[in-house]
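In what follows, every heavy atom counts, from backbone to side chain, and hydrogens, waters and symmetry copies are set aside. If you read the sequence from its start, that first residue is 1, and numbering goes on from there.
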Amino acid sequence: MLPDIAFRSPACTAIRTSAPTTIWSWSIKTELPRWMSAFPARGYNLETVCIRPSTIASPEISVVLCTYNRAWILERALQTVLAQTLHSFELVILDDGSSDNTLELMETYQDPRIAVWKHVKNSGLGAARNSGIRVARAPLVAFFDSDDEMAPELLAAHVAGLADADFSFCQLDQRFGEVGRLFPPTGWHPVDDMLGELMNGNIISSQTMAMRKSIVERVGGPDESLPALEDWEFVLRLAANGCRFHYIPTAMAIAHDSADSMTRNVSKRIQAREMIIAKHAALFAARPAVLAFHHIVLGSQHRKVGNFGAARKHCAAALRLQPWQPKAAADWLLAALRR
């Protein structure tokens, strides 16, 4: 029988329970951190279970890898994290209520740097990431996804960059089957007005991110109410609060766009963009050209999925801000013709 473990998370108590697998787990209940109080905390109304804590002493950085029914592809991501040239890291696996064999797979990995946590019920990517941040033991936190890959030097580059920054990100190699693109494009570099740059659209993908845990505690974690684009809203909020950014201009993360990838769900992305613009209405109102651009994007997306009334509404909003905008006028006309 394993001894009781006292977790060092704030306001945390541990209760030993029998796990659904052949190992022991600990069920934890914590008070909702103040920095998460602004968001619907779906994950915290549910039980979060520690299947196995990491035992590495004083990790420099924690990698939060959230997964949901992705056991079939998870090993590739695990192996790229474990192959890092930086050895002093913690890998937090947050299983967001999977019903597949994710936990059985994790039993085959006995690396002391790995911690395995599980939401008893699926609660969404934002809630899973917030749970991972909360239980991470290192002062630095990186995000990673279950179907992606990282270069062996990525964590070392993040740690070096965060020596004098709050947030570090690298270029992304985004692959759609045999077709790929680099994001941000080669030659891009950070600008003084990072808030304005990010308001135009997201250039920072989740699997490229690392940050000081203290900046998340100050600004807040990913917004759990969003059905998509959590990474864009998160970095927007960081930039609006004076976050210092560090950029690694090398593609050190690879994202594989799969059939069940969030990036393929247009309806959720439409809803999320509308929610983000409403949430940060004052920021966008101060930049009418940027706001008009997003209305044009939304008008085009609504038209493509057959929401012609919503398409006309967004195109009209863009034309009020920029009456000379031909794209908005053309899309409004096509939507009126239901085309």
- Apply side-chain contact (heavy atoms from CB on, under 4.5 Å) to L321 and H295, showing your working. CA-CA 10 Å; L321 293 164; H295 279 303; 4.0 Å; yes
- Show your working on side-chain contact (heavy atoms from CB on, under 4.5 Å) between W117 and I93 and close with a plain yes or no. CA-CA 6 Å; W117 293 79; I93 304 297; over 6 Å; no
- Task: Determine, step by step, whether R129 and D145 satisfy the salt bridge (Lys or Arg N to Asp or Glu O under 4.0 Å) criterion, reporting the C-alpha distance in whole Å, the side-chain angles of both residues, the deciding distance to 0.1 Å, and the verdict.
- Result: CA-CA 10 Å; R129 285 195 175 134; D145 293 335; 2.8 Å; yes
- Query: Between S225 and M275, is a side-chain contact (heavy atoms from CB on, under 4.5 Å) present by the stated rule, with each step listed?
  - Reply: CA-CA 9 Å; S225 69; M275 292 172 68; 3.8 Å; yes
- Intermediate values then yes/no, side-chain contact (heavy atoms from CB on, under 4.5 Å), R269 and L229: CA-CA 7 Å; R269 292 172 69 83; L229 304 180; 3.6 Å; yes
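When every heavy atom of R237 is checked against every heavy atom of G220, the shortest pair comes out as NH1-O, 3.1 Å. The nearest pair of heavy atoms linking Q171 to P249 is OE1-O, 4.1 Å. Here the shortest heavy-atom pairing between A272 and L226 reads O-CD2, 4.1 Å. Scanning both residues, W188 and E197, for their nearest heavy atoms gives NE1-OE2, 2.7 Å. Shortest non-hydrogen contact noted between T85 and A156 is OG1-CB, 4.1 Å. Scanning both residues, P59 and S88, for their nearest heavy atoms gives CA-OG, 3.6 Å.
Using a 4.5 Å cut-off on side-chain heavy atoms (C-beta onward), P222 and D231 make no contact. Contact check for I114 versus R52: side-chain heavy atoms found under the 4.5 Å cut-off. For the pair L82 and Y109, the minimum side-chain heavy-atom distance is below 4.5 Å. No side-chain heavy atom of L162 sits under 4.5 Å from any side-chain heavy atom of H246. When side chains are defined from C-beta on, C315 does not count as touching I296, because their heavy atoms never get closer than 4.5 Å. Put simply, the side chain of F293 does not reach to within 4.5 Å of the side chain of Q322, judged on heavy atoms. Two residues are said to be in side-chain contact when any heavy atoms from C-beta on lie closer than 4.5 Å; I276 and L236 meet this criterion. Between L105 and L74 there is a side-chain heavy-atom pair separated by less than 4.5 Å.
Note: W232 and H280 fail the aromatic proximity criterion, with ring centroids not under 6.0 Å apart. The aromatic ring centres of H294 and F284 sit less than 6.0 Å apart.
Looking only at distances, a side-chain donor or acceptor of D100 sits under 3.5 Å from a matching main-chain atom of A71. Between the side chain of D173 and the backbone N or O of A253 there is no donor-acceptor pair closer than 3.5 Å. Distance alone, capped at 3.5 Å, places no donor-acceptor pair between the S98 side chain and the D95 backbone. Judged by distance alone, the side chain of K313 and the main-chain N or O of F308 form no donor-acceptor pair under 3.5 Å. N122 contributes a side-chain N or O that, together with a main-chain N or O of D96, makes up a donor-acceptor pair within less than 3.5 Å. Panel note: side chain R212, backbone F167; no donor-acceptor pair is recorded below 3.5 Å. Proximity of a side-chain donor or acceptor of Q84 to a complementary backbone N or O of A151 within less than 3.5 Å is detected. Panel note: side chain D148, backbone Q207; no donor-acceptor pair is recorded below 3.5 Å. In this structure, N101 contributes its side chain and E104 its backbone to no donor-acceptor pair below 3.5 Å. For Q110 (side chain) and E107 (main-chain N/O), a donor-acceptor pair under 3.5 Å exists by modelled atom type.
Take K304 and apply the side-chain contact (heavy atoms from CB on, under 4.5 Å) test, not counting sequence neighbours, and it matches S300.
Hydrophobic clustering (side-chain heavy atoms under 4.5 Å, transitive across Ile, Leu, Val, Met, Phe, Trp, Tyr) keeps V63 apart from I56. Hydrophobic clustering (side-chain heavy atoms under 4.5 Å, transitive across Ile, Leu, Val, Met, Phe, Trp, Tyr) groups I203 together with I277. Connection of M150 to L140 is established within a shared hydrophobic cluster, with ILVMFWY side chains joined at heavy-atom distances below 4.5 Å, either directly or through further cluster members. V120 and L103 fall within the same hydrophobic cluster, defined by Ile, Leu, Val, Met, Phe, Trp and Tyr side-chain heavy atoms under 4.5 Å apart, directly or through other members. Placement of I254 and I73 in two distinct hydrophobic clusters is found when ILVMFWY residues are connected by side-chain heavy-atom separations under 4.5 Å, directly or transitively.
Side-chain contact, T102 with R70: no donor N or O sits under 3.5 Å from an acceptor N or O. Residues Q325 and W332 bring no donor and acceptor atom of their side chains to less than 3.5 Å of each other. Side chains of S54 and E90: a donor on one and an acceptor on the other come within 3.5 Å. Side-chain N/O atoms of E274 and H314 include a donor and acceptor closer than 3.5 Å.
Other residues, nucleotides and ligands contribute over 12 non-hydrogen atoms within 6.0 Å of the CZ atom of R181.
Rounded to the nearest 0.5 angstrom, N202 CG and R273 CZ are separated by 10.0 Å. Interatomic distance, CZ of F245 versus CG of L198, reported as 5.5 Å (0.5 Å rounding). Atom CG in L195 sits 11.0 Å away from atom CG in L238 (nearest 0.5 Å). Rounding to the nearest 0.5 Å gives a distance of 11.0 Å between CD of Q301 and CG of N307. The line from OG1 of T80 to CG of L78 is 8.0 Å long, rounded to the nearest 0.5 Å. Rounding to the nearest 0.5 angstrom, the gap separating the CG atom in D331 from the CZ atom in R339 is 12.0 Å.
A salt bridge does not link R76 to D147: none of the charged side-chain nitrogens sits closer than 4.0 Å to a carboxylate oxygen. D193 has a carboxylate O that lies under 4.0 Å from a charged side-chain N of R287, or vice versa, which qualifies the two as a salt bridge.
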